[in-house]
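Have a look at the structure below, then the notes.
The sequence lines fix the lettering, A, B, ..., with proteins before strands; numbering per chain opens at 1.
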Number of protein chains: 2
Amino acid sequence: MSSPDTMARSYAQLCGIATALDVVGDRWTLLVLRDLLLGPLRFGDLAEGLPGIGTNTLTARLKHLEALDVVHRRLLPLPDRGTVYELTDYGRELEPILMALGRWGTRSMGRLPRDVASRSRWLVAAMLAFHDDSQRIAQPTTWELRLSDGPFTVRAEDSTLTVAAGAPDHADLILTTDDETLHQLLTHRLTPAEAVTTGAVTLDGDISGLSRLIGLFTFPALEASAT
Amino acid sequence: MSSPDTMARSYAQLCGIATALDVVGDRWTLLVLRDLLLGPLRFGDLAEGLPGIGTNTLTARLKHLEALDVVHRRLLPLPDRGTVYELTDYGRELEPILMALGRWGTRSMGRLPRDVASRSRWLVAAMLAFHDDSQRIAQPTTWELRLSDGPFTVRAEDSTLTVAAGAPDHADLILTTDDETLHQLLTHRLTPAEAVTTGAVTLDGDISGLSRLIGLFTFPALEASAT
DNA sequence: CGGTATCCGCAAAGATACTG
DNA sequence: CAGTATCTTTGCGGATACCG
């Protein structure tokens with residue numbers, strides 16, 4: 001019984017890249033891992049974040065990833081009584097690769113179809129991708145972003161940025177907004193002052209903290225479609 | 001019907017990673033790009049390096065990649081009268097991502113099936129992936145590797161390593177060997193002296209050059225399969 | 001030889017209904 | 001909520017026939 005069907009369609013090449021694709025190359029797989037980068041998720045939350053995936057396909061991907069030690073299935077303690085999926089150490093090593101792939105793919109986003117799905121968690125992941133780690137921040141700062149997917153924690157310390165789903169215990173600044181406004185702020189098409197004045201952003205804390213947050217990133221301007 | 005609708009199965013997500021996968025996420029696509037990393041290839045050479053791919057699938061992938069400016073189709077000058085496919089600048093930006101993915105996947109190579117295909121070009125690509133760029137080499141050196149796929153050029157200058165298919169104009173050392181022997185050398189399961197003595201490697205130049213070549217890399221030992 | 005086009009069988013993926 | 005079962009659709013691999 002050489003491993004179940006998890007290797008059914010292996011490329012069978014003596015090559016690290018081909019082997020990596022045997023593990024994470026199937027359709028949807030890398031998007032599952034992308035969504036798990038911000039923290040553990042339940043089956044239903046994963047499915048909700050992957051519009052178009054069938055529950056059977058999601059089940060198959062999770063089983064495959066679990067068998068290959070990329071994802072771990074964990075039972076939550078009593079109050080919740082649920083199951084969550086989270087990255088293993090091996091799976092977490094994909095983070096810089098996924099971020100680099102996301103930066104690369106951003107250039108092609110102008111070609112996206114008209115009816116595009118959007119999730120604030122993807123925008124938050126993009127913040128991780130476009131964080132400018134050549135900057136060192138003077139003192140550690142925590143932001144809470146309240147977006148449509150729920151609260152997220154962004155923390156800057158020295159030159160590292162950590163991002164996770166969920167609210168922090170303490171935030172230096174809480175901001176409530178929508179994806180489009182946040183993206184406009186990050187691409188400098190909207191100033192913090194404008195955003196607050198129009199009510200597109202609601203702050204609990206000082207507006208300078210919003211400016212400092214935005215300054216941590218270097219988002220590219222999106223190009224229009226060419227084809 | 002079915003005109004080149006290259007976005008037929010787009011994830012349609014406002015996300016750089018999802019967009020990248022719209023471009024290079026289809027089966028075989030990243031392996032096509034891997035093989036093009038070492039230099040332009042003809043259709044037939046690509047097909048030969050991707051055992052199992054159908055010629056129709058390869059055609060579809062190349063058309064897709066060409067339409068999205070990842071690969072460029074170029075006609076060779078007269079003596080050859082052929083067509084080659086080569087990476088565009090945009091496509092070449094995938095190199096560090098593919099190398100990182102290959103390093104990541106190497107850990108899972110113990111699970112590969114029994115009948116694995118092997119190509120020396122993949123081993124040469126792995127040399128690029130496992131090059132230790134913390135080293136600076138005293139004086140620029142060029143090696144010619146004569147392997148089953150043909151000759152390859154490896155050049156070290158300062159702390160950069162370049163690798164390409166084809167023989168160099170001048171090589172400081174020419175070595176002829178097989179994939180298995182080269183891999184054993186790179187993983188220190190075989191010493192240069194042993195390899196030369198047994199005839200597994202033939203040198204045209206000084207053996208110290210082989211030691212210096214091997215010293216440029218930090219290949220991991222392959223783990224045995226667990227499940 | 002360097003592709004392209006077509007048919008065919010299979011396995012994966014999408015959709016949805018259903019169950020613990 | 002967390003999946004499983006079932007059915008349909010689509011993509012893929014393989015073979016082959018065709019064109020420059």
Dump the intermediate steps for salt bridge (Lys or Arg N to Asp or Glu O under 4.0 Å) on B:Arg103 and A:Glu93, then the final yes or no. CA-CA 10 Å; B:Arg103 286 190 296 271; A:Glu93 287 177 29; over 6 Å; no
What does the 5'-to-3' dot-bracket notation of DNA chain D look like when only Watson-Crick and G-U wobble pairs under 3.5 Å count, and pairs to other strands show as |? |||||||||||||||||||.
Could you tell me the separation between the CZ atom of B:Arg74 and the C1' atom of C:dG2, rounded to a whole number of Å? 16 Å
Which pair of non-hydrogen atoms, one from B:Ala20 and one from A:Leu101, has the smallest distance, and what is that distance? CB-O, 3.5 Å
Under a 4.0 Å threshold between the charged nitrogen and the carboxylate oxygen, would B:Arg73 count as salt-bridged to B:Glu66? no
Aromatic plane relationship, B:Phe130 with B:Phe219 - under 30° parallel, 30 to 60° tilted, over 60° perpendicular: tilted
Examine the side chains of A:Thr181 and A:Asp178 and answer whether a donor and an acceptor come within less than 3.5 Å of each other. yes
OP1 or OP2 of C:dG3 under 4.0 Å from side-chain N/O of B:Tyr85: yes
Can A:Glu48 and A:Arg121 be said to form a salt bridge (Lys or Arg N to Asp or Glu O under 4.0 Å), step by step? CA-CA 12 Å; A:Glu48 190 274 336; A:Arg121 65 187 81 162; 3.1 Å; yes
Which whole-number value in Å describes the distance from B:Trp28 CH2 to D:dG11 C1'? 14 Å
Provide a list of protein-nucleic acid N or O atom pairs under 3.5 angstrom, restricted to nucleotides 16-20 of chain C.
none

Side chain of B:Thr19, backbone of B:Cys15: donor and acceptor closer than 3.5 Å? yes
Between B:Arg9 (CZ) and D:dT9 (C1'), how many Å, whole number? 10 Å
For a quick test of reading the model: is some side-chain N or O of B:Thr59 closer than 4.0 Å to OP1 or OP2 of C:dT4? yes
A:Asp26 has an atom CG; how far is it from atom P of C:dG14, in whole Å? 11 Å
Closest-nucleotide ordering on DNA chain D, the 5'-leading residue of A:Arg42 and A:Tyr11: A:Arg42
Length of the CG-C1' vector between B:Leu50 and C:dG3, whole Å: 15 Å
Quick one about B:Arg155 and B:Thr162 (side-chain donor to acceptor, distance below 3.5 Å, no hydrogens or angles considered), yes or no? no
Nucleotide C:dG2, atom P - distance to CG of B:Asp45 in whole Å: 7 Å
Rounded interatomic separation in angstrom, taking CG from B:Leu58 and C1' from D:dG11: 16 Å
Would you please confirm or rule out a distance under 4.0 Å between OP1 or OP2 of C:dA12 and any side-chain N or O of A:Arg61? no
For A:Tyr11, does the six-membered ring have the charged nitrogen or CZ of B:Arg27 within the cation-pi criterion, i.e. under 6.0 angstrom from the centroid and within 45° of the normal? yes
Value in whole Å for how far the C1' atom of D:dT10 lies from CZ of A:Arg27: 11 Å
Any side-chain N or O of B:Lys63 less than 4.0 Å from the OP1 or OP2 oxygen of C:dT4? yes
